[in-house]
Amino acid sequence: MFVNLNDISIKYKMMFIILFIFIVTGIFTTAVMVTYDIHASKQKMEVDLRFLAETISTNSWGALSFFNPQDAEESLKLLAANTDIVEGRIYDKDLKLFAYYTRDDNKVPDQVSEMRIERSVVNFDDEYLVASEPINYDNEFLGVVSIVSDMKSIDERINKYFEIIAIVSSLTLAFVIVLSLFMQKIITKPILQLAKTATQISKDGNYSIRIEDNRKDEVGVLVKEFNNMISHVQITNNHLKASKELAEESMLVKEQFLANMSHEIRTPLNGIMGLSDVLINSKMNAEQTGYLNAIKSSSYSLLVIINDILDISKLEAGKLVFEETEFNLEKSIDSVIGILDFKLINKSVMLTKELDENLPINVIGDSVRLNQILLNLVGNAIKFTEQGKITVGVVVLSKSDDKVELEMYVEDTGIGIADEQKQKVFESFTQAKSSTTRKYGGTGLGLTIVKNLVEMHGGIIKLESEEGKGSKFTFNLAYKVPEESKVRREVLDVAPAQRNLENVRILAVEDNPINQMLVKKVLSDWKADFEIVGDGKKAVESMEMNDYDIVLMDIQMPIMDGYTASTHIRKMAAPKNEVPIIALTAHVTSTERDKCLSFGMSDYISKPFKPADLYNKIVENLDENQKSI
């Protein structure tokens, strides 16, 4: 199993590197020296053997000439002086053994002993070295001298070298350990301190920490540059922190500004739209009805602009939250068509729907955001279509017991969009042509919001369009399907005239005179028993003196706001503290509903409101309160 050097501490890496260098250097140096020495020793042995062979050859010609083996053996006894010589032989001219010498009766293999040649050549073997020399006299061949030496001296020399290497290696290892400890103090200690400091800074986020090191070498430069880097990071971090705080403060100011502006615009807009509905339902001539429809259309356009600006701010801040409630998909589409139908009064356009027969009755999701998508797309289609047809369609792509994936589309026969402008329509504050805003109006935010909403649902939106022939926006959304989705369930949508609230005591808290007029008219049409007060303090006093079944509470009011008034009411004795309180406010920020509920209110409805929506809220809360009692 190999060790990964990246997992080893730098001090052990330093020790390992030094040890490795010393060992490799020592082995290489020793190997070269040993190889050279063994080679030199063999060469010297070869020279010595040749000299002995030549000497014995010179001294032996007489013994061979006169056939005197004893003199030949005396010549061979000269070999005894060399302890490496194993044996020596003298052969006659017929290469028959003439004289013989052996050391300690050492038996040399025959194949070695019988190495005989006519020239002076040294033959190496794994264990023996053989030298042969011819014996001549007056150019007459008389015989051969053959000397055999073993390699024990060479082996002993090699063994000695191994002993020396072992001793040197041990000393080297000890030296390396001492040297590495010294090097750690010089090099690795500041590097380890550097790593420790970096870890501490990363962990604690304290960029004021510095490393003290006055050395002038490369490690000192490294430490100095590290300190400089941390100083720059500290400065940058402080700037970023200040910028972040400024951005957060600016965002809060922006949100507060948008909330206040929304409230200030929605409050009178609620009166304009509400009273327009009241007048439209009264007896009027065609000209007056046309004027009121124009007022209503203008009010709706203004409301769309306000909603677009608020929604894009929520999307940019990441504060848009999707709810999961059960709703009737077909009725949501019908609601969108009903809301926008008045915009078709002066146009030759038919607004229809095409629904897949496999479409579930009810689904679970955010019906408000779906309505927002459809309102933007259908509103755009109406804006750019003067004649022909606009279709809202739904196709079931896939369906299971608990989930359905839908493809929804809005198709029109309007002016269409050129190919080079198709991608731009989804960008903020952008419309297909510069003249579009002047001619048709709008903020240029609607399709940006639609695209973001679809993508936040996990879907995609596509555009098919041909200039002069119309456009088709297609998007896919997935919804959960409730278990009882196969059973059609009617949604409560009762017109005010179908029921009355004669026996219901309602306290309406509203400071704006126009909105007071609207609330008075709406509640009077329902035959409700109501009282209207202009601030939160009067609302608390009226609650203490009278009994009410439900409270409609404005939020932003003089003297005492709706939050404080609701808190006081919830502190009263039962049953007054259990009376439902519906927030009726122009505040529509993403957290407003939760804030109202946190102050003890029972429900929430934003201005401008539709009388039917307010009626349903009142009935729902009265029924819920009755059940709890």
Side-chain angles (χ1 to χ4, degrees), residues 252 255-271 273-274 303 306 310 501 504-523 528-611 613-622 624-625:
L252 290 174
E255 287 184 1
Q256 188 60 46
F257 171 77
L258 288 174
N260 290 337
M261 289 302 297
S262 172
H263 180 273
E264 295 304 320
I265 295 173
R266 282 173 179 271
T267 298
L269 191 60
N270 178 59
M273 296 182 73
L303 181 61
I306 296 169
L310 289 174
L501 301 174
V504 178
R505 289 273 295 162
I506 300 176
L507 174 62
V509 189
E510 173 62 63
D511 66 312
N512 185 275
I514 302 300
N515 285 329
Q516 286 181 352
M517 186 187 305
L518 173 62
V519 170
K520 181 177 181 181
K521 172 60 178 174
V522 170
L523 296 180
D529 183 4
F530 64 90
E531 179 182 355
I532 299 177
V533 296
D535 60 67
K537 183 180 180 182
K538 291 180 180 178
V540 174
E541 292 172 353
S542 294
M543 283 292 296
E544 289 174 343
M545 297 172 60
N546 304 294
D547 294 327
Y548 297 99
D549 297 307
I550 197 164
V551 178
L552 305 181
M553 182 72 73
D554 189 19
I555 298 300
Q556 190 168 317
M557 296 179 293
I559 303 176
M560 181 183 291
D561 60 37
Y563 304 126
T564 307
S566 298
T567 303
H568 282 297
I569 293 171
R570 292 302 179 221
K571 291 180 179 178
M572 294 179 181
K576 293 181 184 291
N577 62 348
E578 298 174 355
V579 172
I581 303 174
I582 299 177
L584 187 63
T585 175
H587 285 297
V588 290
T589 56
S590 57
T591 57
E592 184 61 31
R593 183 178 185 277
D594 293 336
K595 185 176 181 180
C596 290
L597 296 179
S598 69
F599 277 90
M601 301 184 207
S602 311
D603 212 333
Y604 167 94
I605 187 169
S606 63
K607 299 174 183 176
F609 63 85
K610 292 191 295 182
D613 291 339
L614 177 60
Y615 182 87
N616 290 336
K617 288 283 186 183
I618 292 173
V619 171
E620 288 171 9
N621 280 275
L622 287 173
E624 187 66 29
N625 188 54

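The local environment of NZ in K521 is sparse, with at most 12 non-hydrogen atoms from other residues, nucleotides or ligands closer than 6.0 Å.
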Exercise for the section: Evaluate the side-chain contact (heavy atoms from CB on, under 4.5 Å) criterion for residues L584 and K607: first the C-alpha distance (whole Å), next the side-chain angles of each, then the deciding distance (0.1 Å), finally the verdict. Expected result: CA-CA 7 Å; L584 187 63; K607 299 174 183 176; 4.1 Å; yes

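Residue D549 forms a side-chain contact (heavy atoms from CB on, under 4.5 Å) with just one option from L501, V504, I618, and that option is V504. Each of L597, T585, I555 was evaluated against Y604; a single residue qualifies, T585, per the side-chain contact (heavy atoms from CB on, under 4.5 Å) test.
Checking side-chain atoms of Q516 against main-chain N and O of E510 turns up a donor-acceptor pair under 3.5 Å. Without hydrogens or angle criteria, S602 side chain to I581 main chain gives a donor-acceptor distance under 3.5 Å.
Remark: M601 CE to R570 CZ distance equals 9.0 Å, nearest 0.5 Å. Here N621 contributes atom CG and I605 contributes atom CD1; the two are 10.5 Å apart, rounded to the nearest 0.5 Å. Within the model, atoms CG of D547 and NZ of K576 stand 4.0 Å from one another, a figure rounded to the nearest 0.5 Å. D603 contributes atom CG, which lies 14.0 Å from atom CE of M553 (distance to the nearest 0.5 angstrom). Rounding to the nearest 0.5 Å places NE2 of H568 at 10.5 Å from CD of E541. Rounded to the nearest 0.5 Å, atoms CG (D554) and CD1 (I582) are 13.5 Å apart.
Among residues two or more places apart in sequence or in another chain, the side chain to side chain contact (heavy atoms under 4.5 Å, CB included) test is passed with V579 by M543, V551. Under the side chain to side chain donor-acceptor pair (under 3.5 Å) criterion, K520 pairs with no residue at all, not counting sequence neighbours.
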What pairs of donor and acceptor atoms, side-chain ones from residues 528-535 against any protein atom, are under 3.5 angstrom apart with sequence neighbours left out?
from : atom 1 : to   : atom 2 : distance (Å)
D529 : OD1    : R505 : NH1    : 3.1
D529 : OD2    : R505 : NH1    : 3.3
E531 : OE1    : Y548 : OH     : 2.2
D535 : OD1    : K537 : N      : 3.0
D535 : OD1    : K538 : N      : 2.9

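In this structure the side chain of V540 reaches within 4.5 angstrom of the side chain of M572, judged on heavy atoms. At a threshold of 4.5 Å between non-hydrogen side-chain atoms, the residues D561 and T564 count as touching.
Contact detail for L523 and A508: the closest heavy-atom pair is CD1-CB, 4.5 Å. In terms of heavy-atom proximity, A539 sits nearest to V509 at CB-CG2, 3.5 Å.
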